[in-house]
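Throughout, a chain's letter reflects where its sequence line sits, starting with A, and its residues are numbered from 1.
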Number of protein chains: 2
Amino acid sequence: MERDDATGLCTTDASRQYTKEVLRRVGDTWSLATIARLTDGPHRFTELMKDLPGISHRMLTQTLRSLQRDGLVSRTAYAEVPPRVEYALTPLGHSMLEPLTELTKWAEDTLDQVADHRRTFDT
Amino acid sequence: MERDDATGLCTTDASRQYTKEVLRRVGDTWSLATIARLTDGPHRFTELMKDLPGISHRMLTQTLRSLQRDGLVSRTAYAEVPPRVEYALTPLGHSMLEPLTELTKWAEDTLDQVADHRRTFDT
DNA sequence: CAGTATCCGTCAGGATACTG
DNA sequence: CAGTATCCTGACGGATACTG
């Protein structure tokens, strides 16, 4: 596997597949936010609705299905009345948190720089 | 700033802005691939076209403008005939490579797991 | 409560043609 | 060579109504 010596970022065709793969898994509007919300433990559907301001009923369902399909989130239904369903991160889901956190920190640290540059660029 | 103790991933409203911010900057189809291609130094427009299989003329322009606008990529035009323009990562662009590489490695390492899980889930 | 189904608007992004 | 402008399609995602 070739990697750039300075940074470790692959520049091969194969490596670009991985970046695309990441986007395919969590590149949509709600996946990352949903994962972040599940960081501290299992949550119910309604809790997630409440804690993800702006998400629609439909999109939460769809996002959870997608994450579940990829093995990042588990779904547990309890046979009760009223029905209760809990979503939680799987070990695989947890394994994403560390690299994801790095990227989030980077965004946080560079937010102002980017905003400044954008203003300058527009003028 | 509240962070989850176990993982360091923010779960506050503010932190979700950062994840959204990342997606806004590089969440489209071609930004990450373009950045990866610029890792090893400056490249010309045509080189990038050739090295990003499937990208259209229009989308490369649009992607480069967006990255330029955010200060991740610099554009240098040489007053020659025929015209020559070179794109390169800025220091800010370089600063993204490390966290990005972590995420790429994660995708690489978990690709098979996800593929397996997806097959199982479909049945 | 936790979904599924349907309709519909918006927009990313491809194809193509035209300029400096 | 390195763009810009225009048109068009398909996927993302919101609103709403209906089930177990």
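For A:Val85, the side-chain atoms get nearest to C:dA2 when compared with the rest of D:dG3, C:dA2, C:dT4. Listed nucleotides: D:dG3, C:dC1, C:dG3. Nearest to the side chain of A:Pro83: C:dC1. Side-chain proximity of A:Tyr87 to the nucleotides D:dC1, C:dG14, C:dG3 is greatest for C:dG3. Here the side chain of A:Arg65 is nearest to one of D:dA2, C:dT4, D:dG3, namely C:dT4.
To the nearest angstrom, P of C:dA2 lies 8 Å from NE2 of A:His57. The nearest whole Å value for the distance from the NZ atom in A:Lys20 to the C1' atom in C:dG13 is 12 Å. At whole-Å resolution of the value, CG in B:Leu60 and C1' in C:dG13 are 13 Å apart. Here D:dC12 presents its C1' atom at 13 Å from CG of B:Leu23, a figure rounded to the nearest Å. When rounded to the nearest whole Å, the span between CE of B:Met59 and P of D:dG3 equals 15 Å. To the nearest angstrom, C1' of C:dT10 lies 17 Å from CG of A:Asp28. Atom CG of B:Leu64 is separated from atom P of C:dG13 by 14 Å (rounded to the nearest Å). A:Lys50 places its NZ atom 16 Å from the C1' atom of C:dA2, with the value rounded to the nearest Å.
Side chain of A:Ser66 to backbone of A:Gln62: no donor-acceptor contact under 3.5 angstrom is found. Although no hydrogens or angles enter the test, the distance criterion places no donor-acceptor pair under 3.5 Å between the side chain of A:Ser31 and the main chain of A:Gly27.
Between A:Arg44 and A:Glu47 there is no salt bridge, since no side-chain N of the basic residue sits under 4.0 Å from a carboxylate O of the acidic one. No salt bridge links B:Arg119 with B:Asp122; every basic N to acidic carboxylate O contact stays at or beyond 4.0 Å.
Proximity of A:Arg75 to the phosphate of C:dA2: no side-chain N or O atom is located under 4.0 Å from OP1 or OP2. Considering only side-chain N and O atoms, B:Arg58 lies nowhere under 4.0 angstrom from the phosphate OP1 or OP2 of D:dT6. OP1 or OP2 of C:dA2 lies within a sub-4.0 Å distance of a side-chain N or O belonging to A:Arg44.
Place A:Arg84 and B:Trp30 on DNA chain C by their nearest nucleotides, and A:Arg84 ends up nearer the 5' end. Along DNA chain D, the nucleotide nearest B:Glu86 and the nucleotide nearest A:Gly54 are compared for position; the residue whose nucleotide lies closer to the 5' end is B:Glu86.
From A:Thr19, atom OG1 reaches atom CD1 of B:Ile35 across 10.0 Å, with rounding to the nearest 0.5 Å.
Across all strands shown, the partner of D:dA5 is C:dT16, judged by Watson-Crick or G-U wobble contacts whose two distances both fall under 3.5 Å. Shown here, D:dG10 forms a base pair with C:dC11; the pair counts as Watson-Crick or G-U wobble because both key distances fall under 3.5 Å.
Across all strands shown, A:Tyr78 has no heavy atoms under 4.0 Å from either base or sugar-phosphate atoms.
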